[in-house]
Amino acid sequence: MLRLLLPTLLFANLLMAQGTAEYPDDYLSPAFHAGRRAAFREKMPQRSVAMFFASPQKVRNNDVNYIYAPSKNLYYLTGLEEPNALLLLFKQSVTLLGKTGTEFIFVQPRNPQREMWTGKILGPTGVMQKYQMENVFTTDQFSGRLLDFAQLDTIITSFRTEQILFKYPGRGDLLANMAASLDSALLQAGKIPMPSPATAILHQLRGIKQPEEIALMEKVINMSVEGHNRVIRTIRPGMHEYDAQALMEYEFKSRGSEYVGYPSINGSGANSCILHYETNQRTLQDGDLLLNDCGAEYHGYSADVTRTIPVNGKFSPEQKIIYELVLAAQDAAFALCKPGNQFSDPHNAALKVITAGLKDLGIIQSDNQARIYFPHGTSHHLGLDVHDMGSRSTLQPGMIFTVEPGIYIPPNSNCDKKWWSIGVRIEDDLLITSEGYRNLSAGAPRTVEEIEKMAKSAGKKKKAL
Ligand code: GLY
Ligand code: MN
Ligand code: MN
């Protein structure tokens with residue numbers, strides 16, 4: 001009896017552990033999006049309307065499109081991931097097409113023939129059900145003349161509106177038709193749309209992450225940490241930059257990540273000094289550093305993590321010196337990540353450490369030369385966009401941003417050639433809390449000792465293949 005029962009129990013456990021849901025069930029909830037729309041409306045000026053477009057699909061080549069990336073402002077406010085849509089938010093209630101309210105959305109109509117090729121289009125009924133929105137229409141029902149401009153003092157456009165109008169004029173597609181109709185109605189009414197109020201409000205809202213967003217950020221950052229750790233354990237001379245990319249992205253994908261947050265950067269040797277290197281074709285040589293700047297994307301949210309590792313598992317003396325200087329800069333920046341400090345404080349601290357260190361090493365002679373080798377900023381907000389919206393003034397709980405100092409010394413730099421081809425960036429994703437910060441990417445090793453230990457722990461000597 002027990003012999004029969006035991007496997008049954010084990011099997012049931014396994015099913016429970018793996019989950020039986022057909023699709024992920026951890027998307028942002030309709031209540032989250034409704035809350036974000038309410039917060040946005042709260043900050044709108046009196047007698048205003050705000051309009052958010054979902055951009056159309058873009059052609060990659062011939063009849064192949066790029067993978068569609070939902071327009072992030074519209075996604076934040078509704079959850080909608082389809083192209084060709086327009087959301088109208090009114091400060092005061094209005095009546096449009098027989099419906100009274102403050103929120104109206106126009107979406108692409110269903111099209112059974114197209115759906116057979118490229119999948120389900122939600123249509124108004126689907127959008128009502130999935131996102132629990134009430135006033136949902138199709139794009140062909142929209143006309144700029146629906147808006148009573150006499151009642152509106154401020155017309156707010158999402159910051160991409162102008163680009164839509166100029167980029168897709170007269171293409172005859174759903175979005176261009178809506179944009180053109182809106183444009184001519186605005187012209188007739190003598191109203192000029194303004195992007196800046198929407199941008200200012202969205203910086204405030206998107207820059208402070210809600211608990212549901214923090215939960216997704218933790219997931220996507222953990223996926224990314226697993227990718228980095230896999231690369232640290234596996235990579236060795238004779239493999240290629242693209243092997244690092246493949247190992248990394250396998251770990252992302254196999255955890256449910258839909259895309260990468262940005263093209264993976266896997267630069268070895270001199271390529272480690274190219275800030276946004278994406279070619280990833282070189283064969284890894286014994287003695288190289290390999291800079292991996294890679295982050296997964298999950299349900300629209302992106303991680304952004306960099307680890308720089310020795311391909312053979314052990315830093316050379318020069319690599320170790322530069323690495324530990326970047327690490328000290330990052331630690332100095334971390335120390336200033338707390339509420340009340342300025343967004344620029346961590347960067348200034350990192351720059352100070354790197355400047356003093358490069359001078360001590362004789363790599364630079366004067367302070368203003370530091371930017372030759374550390375030419376970028378230390379922090380940017382992180383969330384729905386890898387370079388996310390958010391205030392760059394005072395740090396507040398709920399902000400998530402990167403801390404990513406670096407030193408890059410390309411070949412033929414004006415210093416001793418023993419430093420050439422050393423490019424180091426260390427990038428972590430921090431959540432500001434009421435007490436200070438939590439490093440969400442701390443699961444990937446940061447110190448020389450931790451990295452060398454993880455590289456060794458795979459049990460293989462890092463010999464050339
Ligand atoms: N991965 C791009 C950046 O670090 O900003
Ligand atoms: Mn970054
Ligand atoms: Mn990065």
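Starting from 1, each residue takes its place in the sequence as its number. Counting convention: from 1, in listed order, for ligands and their atoms alike.
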Next on the checklist: Can you classify the ring geometry of His33 versus Tyr75 as parallel (below 30°), tilted (30 to 60°) or perpendicular (above 60°)?
Outcome noted: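 If you compare the ring of His33 with that of Tyr75, the planes turn out perpendicular.
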Next on the checklist: Nearest 10°: the angle subtended at the Mn ion (ligand 2) by Glu404 OE2 and Glu427 OE2?
Outcome noted: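 So the angle at the metal works out to 80°.
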Checklist entry - Can a non-hydrogen atom of Arg425 be found less than 4.0 Å from any atom of ligand 1? => result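 Outside the 4.0 Å threshold, so no.
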Item to check | Residue-ligand contact Asp293/ligand 1, heavy atom below 4.0 Å | outcome: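 Right, Asp293 reaches ligand 1.
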Checklist entry - Can a donor-acceptor pair be found between the side chains of Ser224 and Asn222 at a distance below 3.5 Å? => result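 Per modelled atom types, Ser224 and Asn222 side chains form no pair under 3.5 Å.
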Next on the checklist: Can you see whether Asn368 engages Ser366 through a side-chain donor-acceptor pair at a distance of less than 3.5 angstrom?
Outcome noted: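 Looking only at side-chain atoms, Ser366 and Asn368 do form a donor-acceptor pair, the distance falling under 3.5 Å.
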Residues [X], [Y]: salt bridge by 4.0 Å N-O rule:
X: Arg255; Y: Glu251; value: yes
X: Asp345; Y: Lys338; value: no
X: Arg438; Y: Glu218; value: yes

Item to check | Closest protein heavy atom to atom 2 (C) of ligand 1, given as residue, atom name and distance to 0.1 Å | outcome: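 Nearest neighbour among protein heavy atoms for atom 2 (C) of ligand 1, to 0.1 Å: His276 NE2, 3.5 Å.
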Item to check | Protein residue, atom and distance nearest to atom 5 (O) of ligand 1, heavy-atom basis | outcome: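 Answer for atom 5 (O) of ligand 1: His387 NE2, 2.7 Å.
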Next on the checklist: the Mn ion (ligand 2) and His380: any N/O/S contact shorter than 2.8 Å?
Outcome noted: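 Looking at His380, which is the residue asked about, there is an N, O or S atom under 2.8 Å from the Mn ion (ligand 2).
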Checklist entry - How is the N/O/S atom of Asp304 that comes nearest to the Mn ion (ligand 3) named? => result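 Atom name returned: OD1.
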Item to check | For Glu427, the ligand 1 atoms whose distance to one of its heavy atoms is below 4.0 Å | outcome: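 It comes down to these atoms of ligand 1: 4 (O).
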Item to check | Donor-acceptor pair, side chain of Gln108 and main chain of Leu174, under 3.5 angstrom | outcome: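 Absent.
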Checklist entry - Is there any N or O on Asp304 that sits under 3.5 Å from an N or O of ligand 1? => result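 There is such a contact, yes.
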